[in-house]
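In this text the structure is predicted, and so the values were computed from the model without any measurement.
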Amino acid sequence: PKHFAYEKPEYHIQVLEMEDVFAIQVKSSTFAQYAALEAREYDWIFSDNYFDLTSPEGKSVWLKKGEQTIGLCADDVARQLTVMSVADSYVLGP
(Lines give C-alpha, C1' and ligand atoms only; values in the text may rest on other atoms or scores of the structure.)
Protein backbone atom coordinates (compact mmCIF):
# COMPACT_ATOMS: atom_id res chain seq x y z
CA PRO A 1 0.00 0.00 0.00
CA LYS A 2 2.77 2.50 0.68
CA HIS A 3 3.66 2.62 -3.03
CA PHE A 4 0.09 2.97 -4.31
CA ALA A 5 -0.95 6.45 -5.48
CA TYR A 6 -4.07 6.87 -3.34
CA GLU A 7 -6.50 9.70 -3.93
CA LYS A 8 -8.09 11.41 -0.95
CA PRO A 9 -11.48 9.73 -0.45
CA GLU A 10 -14.65 11.55 0.46
CA TYR A 11 -17.02 9.23 2.28
CA HIS A 12 -20.80 9.19 2.23
CA ILE A 13 -22.75 7.27 4.85
CA GLN A 14 -26.49 6.58 4.71
CA VAL A 15 -28.32 4.82 7.54
CA LEU A 16 -31.78 3.25 7.33
CA GLU A 17 -33.62 1.91 10.36
CA MET A 18 -35.20 -1.50 10.01
CA GLU A 19 -37.01 -3.66 12.56
CA ASP A 20 -33.96 -5.44 14.06
CA VAL A 21 -31.00 -3.64 12.48
CA PHE A 22 -29.67 -0.38 11.17
CA ALA A 23 -28.66 -0.78 7.51
CA ILE A 24 -25.57 1.29 6.76
CA GLN A 25 -24.48 2.11 3.21
CA VAL A 26 -20.88 3.36 2.92
CA LYS A 27 -19.64 4.94 -0.31
CA SER A 28 -16.39 6.61 -1.31
CA SER A 29 -15.51 9.05 -4.07
CA THR A 30 -12.49 6.90 -4.94
CA PHE A 31 -10.93 3.54 -4.13
CA ALA A 32 -10.61 3.11 -0.36
CA GLN A 33 -8.66 0.07 0.82
CA TYR A 34 -9.38 -1.45 4.24
CA ALA A 35 -12.11 1.04 5.09
CA ALA A 36 -13.25 0.77 8.70
CA LEU A 37 -16.37 2.05 10.40
CA GLU A 38 -16.11 3.41 13.91
CA ALA A 39 -18.57 5.03 16.27
CA ARG A 40 -17.47 8.13 18.16
CA GLU A 41 -19.13 7.27 21.48
CA TYR A 42 -20.07 3.58 21.30
CA ASP A 43 -18.39 0.21 21.00
CA TRP A 44 -20.58 -1.12 18.22
CA ILE A 45 -19.92 -4.35 16.39
CA PHE A 46 -20.75 -4.14 12.69
CA SER A 47 -21.51 -7.05 10.37
CA ASP A 48 -18.32 -6.24 8.48
CA ASN A 49 -15.35 -4.00 8.98
CA TYR A 50 -12.09 -3.45 7.15
CA PHE A 51 -13.56 -3.75 3.69
CA ASP A 52 -12.52 -2.26 0.35
CA LEU A 53 -14.70 0.33 -1.34
CA THR A 54 -14.15 -0.41 -5.01
CA SER A 55 -17.35 0.53 -6.80
CA PRO A 56 -19.87 3.39 -6.89
CA GLU A 57 -22.42 1.13 -5.16
CA GLY A 58 -20.33 1.07 -2.00
CA LYS A 59 -20.72 -1.45 0.79
CA SER A 60 -23.72 -2.42 2.90
CA VAL A 61 -23.07 -3.08 6.58
CA TRP A 62 -25.49 -3.99 9.37
CA LEU A 63 -25.63 -2.92 13.00
CA LYS A 64 -27.89 -5.10 15.13
CA LYS A 65 -30.18 -3.19 17.45
CA GLY A 66 -29.40 -3.79 21.08
CA GLU A 67 -28.71 -2.20 24.41
CA GLN A 68 -26.37 0.45 22.98
CA THR A 69 -28.87 1.58 20.35
CA ILE A 70 -31.98 1.97 22.53
CA GLY A 71 -33.60 5.30 21.78
CA LEU A 72 -31.45 6.01 18.72
CA CYS A 73 -32.86 6.70 15.27
CA ALA A 74 -31.06 6.38 11.92
CA ASP A 75 -29.88 10.01 12.04
CA ASP A 76 -28.40 9.47 15.52
CA VAL A 77 -26.49 6.42 14.29
CA ALA A 78 -25.25 8.27 11.19
CA ARG A 79 -23.90 11.15 13.33
CA GLN A 80 -21.86 8.66 15.36
CA LEU A 81 -20.12 7.05 12.38
CA THR A 82 -16.72 7.81 10.93
CA VAL A 83 -14.83 6.01 8.16
CA MET A 84 -11.09 5.68 7.75
CA SER A 85 -9.05 3.71 5.25
CA VAL A 86 -5.43 3.12 4.31
CA ALA A 87 -5.74 6.07 1.93
CA ASP A 88 -6.35 8.39 4.88
CA SER A 89 -2.98 7.33 6.29
CA TYR A 90 -1.05 8.11 3.11
CA VAL A 91 -2.73 11.08 1.46
CA LEU A 92 -1.51 14.48 2.58
CA GLY A 93 -3.27 17.80 2.20
CA PRO A 94 -6.67 19.31 3.03
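Using a 4.5 Å heavy-atom threshold, the side chains of Phe31 and Tyr6 count as touching. Looking at heavy atoms from C-beta onward, Val15 lies out of side-chain contact with Asp75 at the 4.5 angstrom threshold. Residues Gln25 and Ile13 fail the side-chain proximity criterion, which asks for heavy atoms closer than 4.5 Å. Considering only heavy atoms from C-beta on, Lys64 stays 4.5 Å or farther from Asp20 through its side chain. At a threshold of 4.5 Å between non-hydrogen side-chain atoms, the residues Asp88 and Tyr11 count as touching.
Val86 and Val26 fall into different hydrophobic clusters, where Ile, Leu, Val, Met, Phe, Trp and Tyr side chains are chained together by heavy-atom contacts under 4.5 Å. Both Tyr42 and Val77 belong to a common hydrophobic cluster when Ile, Leu, Val, Met, Phe, Trp and Tyr are linked at side-chain heavy-atom distances under 4.5 angstrom.
Atom OG of Ser47 sits about 7.5 Å away from atom CD1 of Ile24, to the nearest 0.5 Å. One distance of note links CD of Glu7 with OG of Ser29; it measures 7.5 Å at 0.5 Å rounding. Here CD of Gln80 is found 12.5 Å from CG of Leu37. Values are rounded to the nearest 0.5 Å. Interatomic distance, Glu38 CD to Arg40 CZ, rounded to the nearest 0.5 Å: 10.0 Å.
When all heavy atoms of Thr30 and Pro9 are compared, the closest pair comes out as CG2-CA, 3.6 Å. The heavy-atom pair separating Leu63 from Ile45 by the smallest distance is CD1-O, 3.7 Å.
In this structure, the side chain of Ser85 does not engage the main chain of Ala35 through any donor-acceptor pair within 3.5 Å. Without hydrogens or angle criteria, Asp48 side chain to Val61 main chain gives no donor-acceptor distance under 3.5 Å. Judged by distance alone, the side chain of Asp52 and the main-chain N or O of Tyr34 form a donor-acceptor pair under 3.5 Å.
Applying the side chain to side chain contact (heavy atoms under 4.5 Å, CB included) criterion to Lys65, with sequence neighbours excluded, gives Glu17, Phe22, Thr69. Under the rule for a salt bridge (Lys or Arg N to Asp or Glu O under 4.0 Å), the partners of Asp76 that lie at least two apart in sequence or sit in another chain are Arg79.
Taking the six-membered ring for Trp and thresholds of 30 and 60 degrees, Trp44 and Phe46 have ring planes more than 60 degrees apart, a perpendicular arrangement.
Under a cut-off of 6.0 angstrom, the local environment of CD in Gln68 is crowded, with over 12 non-hydrogen atoms contributed by other residues, nucleotides or ligands.
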